[in-house]
Colleague: 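Structure in structure tokens, see below.
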Amino acid sequence: MNTNIDLNDSNLDFLDKEDLLKILKNMVNGGVSLSFYGKRTAEEIYKKVRPRVTRVNRKLCVGTEEQQSRNIILEGENLQGMVTLYKYREQVDLILTDPPYNTGHYFRYNDKWDSDPNDPDLGTLVSEEDGSKHTKWMKAMMPRLHMMWKMLKPTGVLAICIDDNELFHLGMMMNEVFGEENRIGIINWQKSYAPKSDSKHMSTGTEYVLVYAKDKSLAKTGLLPRESMTNSKYKNPDKDPEGLWRNDNATVATVVEKDIYAIQSPFTGALHYPGARAWSFPKKTMKGWLEQWGSKYIEKSIGDGRVSALVIKDAPIPTVPEDRNLENNPVVESEDVLHSPVIQLSREVAMNIMQNNVWPILYFPKNGNGRPAIKRYLKNS
């Protein structure tokens with residue numbers, strides 16, 4: 001499979017005029033060309049597959065005839081199955097498919113399908129050492145993707161499972177058949193909770209689900225109902241009119257120097273740093289939230305090697321030891337600062353707000369003694 005085409009590549013000898021023109025047009029237009037040997041044949045195969053005669057196994061039927069007519073379990077080769085169900089084209093809401101992962105253990109390919117897609121032989125197992133294993137897999141998948149596209153309603157959605165062996169090839173085929181603009185997302189799911197040691201480099205404990213819409217502008221998707229256990233994390237101890245909320249992290253992993261600084265607690269006078277992370281909101285916003293606790297805050301350089309801190313005006317500041325690792329020990333406290341008149345007054349005002357008012361978005365858990373946190377509302381979750 002080539003995305004950057006080398007005009008001296010001997011593989012071009014196998015392409016016909018129409019394929020070559022398509023590649024050149026994509027190159028001239030600056031597009032990405034998906035090219036593999038036998039692609040045009042693969043795109044036409046599904047049109048040549050004949051429907052199969054079906055029969056109903058009454059021993060496996062459940063319910064009344066009317067109920068049975070609403071559900072079908074079809075056993076057979078999947079491309080032939082979709083062709084057999086072609087009368088239901090454009091009537092399918094959701095297709096979930098789990099194709100072979102091309103790992104050298106399960107995937108079979110019949111070379112005769114190129115000329116006779118109705119050949120009943122499933123073909124031989126494609127080994128990991130087969131130099132054309134990716135091409136064979138793509139030739140098998142392409143007609144099935146076209147068929148699934150045709151089966152979906154205009155509002156329909158396809159979810160297709162895959163691992164890293166063919167993830168990138170499948171993504172390019174999906175972009176070509178469904179259109180990149182119709183990609184809803186890629187789900188990364190953990191297939192095993194136990195650590196896997198099946199690779200000398202990285203664990204392969206995750207797989208992927210590519211989700212595409214036939215027409216993203218028409219597709220309707222929604223979140224699953226929230227579980228009661230999840231909602232139980234949300235409380236409203238300050239009677240916030242915005243409703244239930246929970247404690248959320250006030251920092252982000254994306255480290256930006258201007259967002260790494262000390263915040264002085266209005267309750268204890270301690271300096272709080274974001275650790276190995278950074279504060280998640282702009283400094284101006286953080287300052288406004290801090291001042292809602294009743295004290296005036298200023299920006300001040302405190303000689304800690306960071307940008308200016310947000311500290312209480314006229315308050316004493318704990319000394320940051322030169323050997324202090326602020327990433328691993330992000331809180332600097334001082335008994336002298338805690339008992340100073342300015343911090344005592346700041347604490348009194350802040351405690352009054354905590355006991356009698358709605359708390360600011362940026363708040364201090366554990367009755368004011370904890371690290372800064374953010375209120376995350378249930379209605380926004």
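Values below: all heavy atoms of this structure, side chains included; hydrogens, waters and symmetry mates excluded. Counting from 1, the numbers follow the sequence of the chain as shown.
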Colleague: Verify the cluster assignment for L210 and F168: are they in a single hydrophobic cluster under the rule of side-chain heavy atoms below 4.5 Å apart?
Modeller: yes
Colleague: Is it the case that one hydrophobic cluster holds both M173 and F107, taking links as side-chain heavy atoms less than 4.5 Å apart, direct or via other members?
Modeller: yes
Colleague: State whether the side chain of R108 and the backbone N or O of L122 hold a donor-acceptor pair below 3.5 Å, judged by distance alone.
Modeller: no
Colleague: Take Y208 and D164 through the side-chain hydrogen bond (donor to acceptor under 3.5 Å, both in side chains) test and state the conclusion after the steps.
Modeller: CA-CA 8 Å; Y208 310 90; D164 60 299; over 6 Å; no
Colleague: When you check the gap from the basic side-chain N to the acidic O, do K296 and D314 get nearer than 4.0 Å?
Modeller: no
Colleague: Spell out, as yes or no, whether a donor-acceptor pair under 3.5 Å connects the side chain of T64 to the backbone of Q67.
Modeller: yes
Colleague: Tell me, do Y261 and S301 make a side-chain contact under 4.5 Å, heavy atoms counted?
Modeller: no
Colleague: Heavy-atom distance under 4.5 Å between the side chains of P341 and Q344, does that happen here?
Modeller: no
Colleague: Counting only heavy atoms not in E128 (residues, nucleotides, ligands), do more than 12 fall under 6.0 Å from its CD?
Modeller: yes
Colleague: Could you please spell out the steps behind the side chain to side chain contact (heavy atoms under 4.5 Å, CB included) verdict for E77 and R52?
Modeller: CA-CA 10 Å; E77 202 281 329; R52 295 301 188 260; over 6 Å; no
Colleague: Taking T268 for the side chain and L338 for the main chain, is one N or O donor matched with an acceptor at less than 3.5 Å?
Modeller: no
Colleague: Show your reasoning for whether side chain to side chain contact (heavy atoms under 4.5 Å, CB included) applies to H169 and F36.
Modeller: CA-CA 11 Å; H169 296 153; F36 57 91; over 6 Å; no
Colleague: Report the residues that fulfil salt bridge (charged side-chain N to carboxylate O under 4.0 Å, His left out) with E66, sequence neighbours left out, ordered by chain and then residue number.
Modeller: R70
Colleague: Give the minimum heavy-atom separation between P274 and T251, together with the two atoms involved.
Modeller: CB-CG2, 3.7 Å
Colleague: Do N352 and N356 have a side chain donor and acceptor closer than 3.5 Å?
Modeller: yes
Colleague: Would a 4.5 Å heavy-atom cut-off, applied to side chains only, mark K313 and V342 as touching?
Modeller: no
Colleague: For the residue pair S265 and R347, establish whether any side-chain heavy-atom pair is separated by less than 4.5 Å.
Modeller: no
Colleague: Please list, one pair per line, the donor and acceptor atoms closer than 3.5 Å that link side chains of residues 360-372 to other protein atoms, with sequence neighbours excluded.
Modeller:
from	atom 1	to	atom 2	distance (Å)
Y363	OH	N247	ND2	3.3
N369	ND2	K366	O	3.4
R371	NH1	Y273	O	3.0
R371	NH2	Y273	O	2.9

Colleague: Any side-chain to backbone donor/acceptor pair from R50 onto Q80? Under 3.5 Å, distance only.
Modeller: no
Colleague: Okay, side chain of K375, backbone of W359: is any donor-acceptor separation there less than 3.5 Å?
Modeller: yes
Colleague: Can you tell me if E181 uses its side chain to pair, donor with acceptor, with the backbone of K216 under 3.5 Å?
Modeller: no
Colleague: Taking K48 for its side chain and D116 for its backbone only, find out whether a donor-acceptor pair lies under 3.5 Å.
Modeller: no
Colleague: Report yes or no: do Y109 and D130 form a side-chain donor-acceptor pair below 3.5 Å?
Modeller: no
Colleague: Consider side chain to side chain donor-acceptor pair (under 3.5 Å). Of T124, D121, D119, which one does N110 pass it with?
Modeller: D119
Colleague: When you measure from the side chain of E43 to the backbone N and O of P143, does any donor-acceptor pair fall under 3.5 Å?
Modeller: no
Colleague: Ring centres of F267 and W293 under 6.0 Å apart?
Modeller: yes
Colleague: For W137, which of K133, M141, H134, K139 qualifies under side-chain contact (heavy atoms from CB on, under 4.5 Å)?
Modeller: M141
Colleague: Show, in sequence, the C-alpha distance, side-chain angles and deciding distance for M151 and R89, and conclude whether the side chain to side chain contact (heavy atoms under 4.5 Å, CB included) test is met.
Modeller: CA-CA 4 Å; M151 297 300 291; R89 64 188 179 279; 4.3 Å; yes
Colleague: When you compare the side chain of I160 with that of Y212, does any pair of heavy atoms fall below 4.5 Å?
Modeller: no
Colleague: Return yes if some donor-acceptor pair links the side-chain N/O of R306 with the main-chain N/O of I260 below 3.5 Å, else return no.
Modeller: no
Colleague: A quick test of your reading: do over 12 heavy atoms of other residues, nucleotides or ligands sit less than 6.0 Å from CD of E348?
Modeller: no
Colleague: Grouping I, L, V, M, F, W and Y whenever their side-chain heavy atoms are under 4.5 Å apart, do L290 and V311 come out in a common cluster?
Modeller: no
Colleague: If you define the side chain from C-beta out and look only at heavy atoms, does anything of L167 sit under 4.5 Å from E207?
Modeller: no
Colleague: Does the side chain of N175 come within less than 4.5 Å of R183's, by heavy atoms?
Modeller: yes
Colleague: Apply side chain to side chain contact (heavy atoms under 4.5 Å, CB included) to the pair D259 and R277, showing each step before the final yes or no.
Modeller: CA-CA 9 Å; D259 294 324; R277 297 161 65 89; over 6 Å; no
Colleague: Are Y101 and L125 co-members of a hydrophobic cluster defined by side-chain heavy atoms under 4.5 Å apart?
Modeller: no
Colleague: Can you sort out the partners of K283 under salt bridge (charged side-chain N to carboxylate O under 4.0 Å, His left out), two or more places apart, ordered by chain and number?
Modeller: E299
Colleague: Does any part of the side chain of F178, heavy atoms only, come nearer than 4.5 Å to the side chain of L152, both counted from C-beta?
Modeller: yes
Colleague: Using every non-hydrogen atom in the two residues, find where G294 and V349 come nearest and quote the distance to one decimal.
Modeller: CA-CG1, 3.7 Å
Colleague: I'd like to know if the side chain of Y297 and the backbone of M286 have a donor-acceptor N/O pair within less than 3.5 Å.
Modeller: no
Colleague: What pair of heavy atoms forms the shortest contact from N357 to D238, and how long is it?
Modeller: O-CB, 4.0 Å
Colleague: If I compare all heavy atoms of K214 with all of P154, which pair ends up nearest, and what's the gap?
Modeller: CB-O, 4.0 Å
Colleague: Hey, is CD on E180 packed in by over 12 heavy atoms from elsewhere, all under 6.0 Å?
Modeller: no
Colleague: With hydrophobic residues grouped by side-chain heavy-atom distances under 4.5 Å, do L94 and I184 end up in a single group?
Modeller: yes
